[in-house]
Number of protein chains: 2
Amino acid sequence: MAKRQARFTTQDLEGLPELEDESPALWDGSLGDVPRKLLTSAVRCFASNGFHATTTRDISSAVGLSPGALYVHFPSKEVVLFEIIRTAHQRVLAYVTEPAVLGIEDPVRHLQALVARYTSWHARYHVAARVSQYELAGLSAEHYEEILETRHRTNDVFRAAVERGVTTGAFADVDVKRVSRAILSLGIDLVRWYRRDGTDSPGQLGEFTAQLALKMAMTPDLDLGPAPLGTPAASSA
Amino acid sequence: MAKRQARFTTQDLEGLPELEDESPALWDGSLGDVPRKLLTSAVRCFASNGFHATTTRDISSAVGLSPGALYVHFPSKEVVLFEIIRTAHQRVLAYVTEPAVLGIEDPVRHLQALVARYTSWHARYHVAARVSQYELAGLSAEHYEEILETRHRTNDVFRAAVERGVTTGAFADVDVKRVSRAILSLGIDLVRWYRRDGTDSPGQLGEFTAQLALKMAMTPDLDLGPAPLGTPAASSA
DNA sequence: GTCTATATGGCGATAGAC
DNA sequence: GTCTATCGCCATATAGAC
């Protein structure tokens, strides 16, 4: 009845990602050395075992501290999780709303830049991003609401970019809500499978995903009928 | 310091999905009534609070049983999780490998049918599918490996379908691995946001996603240069 | 700020009556 | 097969010395 499996070793393409160090560029520069190390340790623990399966001992002992030391720097384990998720969400939003990006006139180049940045950020910081996407249920209701607000701001950036391309005629007449949702899905789901030692660098994956996004937005709908055999998903019972 | 938040009520489009009953068509018909009810209860608990934050008391009390009753039907909480994830993965694989689907000659119609089925299944059973995607870390190493094998079989079905379209010339000369991965991402990520009371029925979402998949596979690569401003994801520090 | 020691409570799983 | 009662364990978080 092993309570936690340390599955750090037996990874697979579909498994949990390896856990390289993303700390230097991720955390706020005003943070002290020990809090930063604790956050980095927590990211690794949460990503591999999940928030609830991670103990405060796991987090602190990985950086050579005793169990109680964590509470000098953070009031609770939940706040550690919140700091991780908040930082990641704010970084992503800032990265796709830099003035130079928002100012791109051509709708095609604009969406291309947005998707490339969104995707490559998630790839570059895929371990922290994984925690940000998978462990939202560990947050308190208040912290959860705060994260949701940031997410909506980010989503709106993409929605507006697709909308602009459709209204200006640069894109095909696609469903804005469903297409922008699909684009975000491509950028988010990679935290499930991305590995730094795979064939794609974050930048390459960003460029490729931007291509896919533009194909979805610029190609007119095909006039196929419904899928053969229908899709009565309940028939598999 | 609420250990668990019962966030059943304050949902959002980005939040946890509502928890309708998916049981009748999902579980094995040979299962007794009580085990089926326990599995359904566990799906709801795991989906809203996560595996580790769910207690065996949560699962059993939701169906009007005492804490110990669960162990008459399942040897451990982990096995309950395994049964859920195993059933879902096997159902999906079976649904996209029905002979009538595999026998579709036209590569375009074949991929369309695959994506429509894969997507609509995940939408139809999105609560159980969410557990299957988000709670893999709760499995034992052995059970995890078994699930991975089923996943690979499913992934290979999509990879082969894209490959065939490319080699026969029905699709554009796209990167098979990356495109099939993106298609699977669209089908999987919906478990994060799908709601039964949204605008799309499972069938409609399946048809739309199949359209997107075909756009990705059939549209030749655009000859855009790299995204403006590059994608140096580390510059957001 | 870090340590050791511990308070406090809840969890998974079992025992034994009915 | 279900119940009540409980065991043994470990979690988060705190107290107080250094």
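Labels below follow one simple rule: chain letters A, B, ... track the order of the sequence lines, proteins then strands, and each chain is numbered from 1. Remember, predicted model here, so these are calculated numbers, not experimental data.
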Is A/His52 close enough to C/dC11 that one of its side-chain N or O atoms is under 4.0 Å from OP1 or OP2 there?
no

Applying side chain to side chain donor-acceptor pair (under 3.5 Å) to B/Glu135 and not counting sequence neighbours gives none

I'd like to know whether B/Thr154 forms a side chain to side chain contact (heavy atoms under 4.5 Å, CB included) with B/Tyr95, so could you lay out the CA-CA distance, the side-chain angles of the two residues, the decisive distance to 0.1 Å, and finally the verdict.
CA-CA 10 Å; B/Thr154 305; B/Tyr95 194 49; over 6 Å; no

Margin query: When you compare the side chain of B/Pro202 with that of B/His126, does any pair of heavy atoms fall below 4.5 Å?
Written below: no

From OH of A/Tyr71 across to P of D/dA13 the rounded distance in Å is 4 Å

Of the candidates D/dT6, D/dG1, D/dT12, the side chain of A/Thr56 sits closest to D/dT12

Whole-Å distance, B/Phe51 CZ to C/dG12 C1', equals 10 Å

Regarding the side chain of A/Ser76, the nearest nucleotide among C/dG1, D/dA13, C/dG12 is D/dA13

Rounded to whole Å, the CZ-P distance (B/Arg36 to D/dG1) equals 14 Å

Atom CG of A/Leu70 and atom C1' of C/dT2 are separated, to the nearest Å, by 13 Å

From CG of A/Leu81 across to C1' of D/dT12 the rounded distance in Å is 15 Å

Rounded to whole Å, CG of B/Leu38 lies from C1' of D/dT2 at a distance of 12 Å

A/Phe74 atom CZ is separated from C/dG1 atom P, nearest whole Å, by 12 Å

For B/Thr199, the side chain to side chain donor-acceptor pair (under 3.5 Å) test, sequence neighbours excluded, returns none

Within residues 61-69 of chain B, the residues having a heavy atom closer than 4.0 Å to DNA chain D are B/Gly64, B/Leu65, B/Ser66, B/Ala69

### Message
Can you tell whether the side chains of B/Arg36 and B/Asp33 come within less than 4.0 Å, N to carboxylate O?
### Response
yes

Note to self: Taking atom types as they are modelled, would you say the side chain of B/Arg57 forms a donor-acceptor pair with the base of C/dG10 within the 3.5 Å cutoff?
What the structure shows: no

Separation of D/dT2 atom P from B/Lys37 atom NZ, nearest Å, is 10 Å

What's the verdict on side chain to side chain contact (heavy atoms under 4.5 Å, CB included) for B/Thr56 and B/Tyr71, showing C-alpha distance, side-chain angles and the deciding distance? CA-CA 9 Å; B/Thr56 54; B/Tyr71 292 89; 3.3 Å; yes

Heavy-atom nearest pair, B/Ala25 first then B/Arg91, reads O-NE, 4.1 Å

Of C/dT6, D/dT2, C/dG12, the nucleotide closest to the side chain of B/His73 is D/dT2

The nucleotide from C/dC11, D/dT2, D/dA11 with an atom nearest the side chain of B/Thr55 is C/dC11

